[in-house]
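Following: one structure in structure tokens, then a few remarks.
For clarity, every value in this text was computed on a predicted model and none was experimentally measured.
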There are 2 protein chains.
Amino acid sequence: MDKTYLRAEILKTLGQPTRLKIVDFLREGERCVCEIFPAINEEQSNTSRHLNMMVSSGILFRRKEGVKIFYALKHPEIIAIVDLATTIMVQEITGRHSLLLAA
Amino acid sequence: MDKTYLRAEILKTLGQPTRLKIVDFLREGERCVCEIFPAINEEQSNTSRHLNMMVSSGILFRRKEGVKIFYALKHPEIIAIVDLATTIMVQEITGRHSLLLAA
DNA sequence: TCATTATATGATTAATCAATCATATAATGG
DNA sequence: CCATTATATGATTGATTAATCATATAATGA
């Protein structure tokens, strides 16, 4: 059980634009594939693959109801992580850090 | 300026075992390449490439002092992110979530 | 049962990635 | 200036990845 590898896998799963869009959309709650792929503007098959991959790496739930399959975020920590990434991104974009260094 | 892409890049940078080991080592503070690569048990050239890449994606500082080049974590949020990833990993390993679901 | 809707998956392709080896550059001390 | 130490980089290779198209499976309702 390589813990470094497992931790990396969780972060790597979040570190891909299409999957990040899925996470953002699922903040609002559980959604089926038929709602997810139009919302993020990706192909159904591609979206399905990413969703499966996100379940495998432990960041999403899957629940079946009739023909539909619903997906939801599995851990509140996921939202915290992507929010922290946003904070870092904003600091990088505004160059706040670079300015502090230059001063 | 694609914000989804930039956020993803930060997370993707953290989502690779060698780079995660670097982040873990740099928790203790600023270190030069000559300290980093033996500590994480990777080749010097490989370590150098990862360090450069981490500077490019905005998660590390670089400071030069004579022949040595020191690297350090640029944002406290990075530690928070990897800690949250650890929390998720532990919950997945202990299967706590699955048990709650099954109950 | 048949048509429809929802989802998943096989095959393919182009792109990206990580690691390695060899070598280059750059600063320092003797 | 030369040898040494620290770091970076070019070239290569095998592996992984994301996206796409076409098709398969599975549930539902008429």
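For the pair A:Arg31 and A:Phe25, the distance from NZ or CZ to the six-membered ring centre is under 6.0 Å and the angle to the ring normal is within 45 degrees.
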Step by step, work out the side chain to side chain contact (heavy atoms under 4.5 Å, CB included) result for B:Lys21 and B:Glu42. CA-CA 10 Å; B:Lys21 283 192 279 177; B:Glu42 288 290 335; 3.5 Å; yes
Please step through side-chain hydrogen bond (donor to acceptor under 3.5 Å, both in side chains) for the pair A:Glu92 and B:His75, ending with a clear verdict. CA-CA 10 Å; A:Glu92 288 293 319; B:His75 304 273; 2.7 Å; yes
I'd like to know whether B:Arg63 forms a salt bridge (Lys or Arg N to Asp or Glu O under 4.0 Å) with B:Glu65, so could you lay out the CA-CA distance, the side-chain angles of the two residues, the decisive distance to 0.1 Å, and finally the verdict. CA-CA 7 Å; B:Arg63 183 177 69 84; B:Glu65 188 181 309; 2.8 Å; yes
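An angle of 20°, rounded to 10°, separates the two end axes of the helix from C:dT1-D:dA30 to C:dG30-D:dC1, each defined over five pairs.
For A:Cys34, the side-chain contact (heavy atoms from CB on, under 4.5 Å) partners two or more places apart in sequence, or in a different chain, are A:Cys32, A:Lys68. B:Arg62 meets the salt bridge (charged side-chain N to carboxylate O under 4.0 Å, His left out) test with no other residue; sequence neighbours excluded. Under the side-chain contact (heavy atoms from CB on, under 4.5 Å) criterion, B:Ser56 pairs with no residue, sequence neighbours left out.
The line from CG of A:Leu84 to CZ of B:Arg7 is 11.5 Å long, rounded to the nearest 0.5 Å.
Nucleotides of DNA chain D nearest to A:Lys64 and A:His50 differ in position, and the one nearer the 5' end is that of A:His50.
A single hydrophobic cluster is seen to contain both A:Val82 and B:Ile79, as judged by linkage of ILVMFWY side chains at heavy-atom distances under 4.5 Å, directly or through other members.
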How would you summarise protein contacts on nucleotides 6-16 of chain C per nucleotide, using B for base, S for sugar-phosphate only and - for none, with heavy-atom distances below 4.0 Å? SBBBBB----S
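Near-neighbour residues of DNA chain C inside residues 15-28 of chain B, defined by a heavy atom below 4.0 Å, number-ordered: B:Gln16, B:Thr18, B:Arg19.
Ion pairing between a basic and an acidic side chain is recognised when a charged N comes within 4.0 Å of a carboxylate O; B:Asp24 and B:Arg27 show such pairing.
Atom CD in A:Glu65 sits roughly 15 Å away from atom C1' in C:dT5 (whole-Å rounding).
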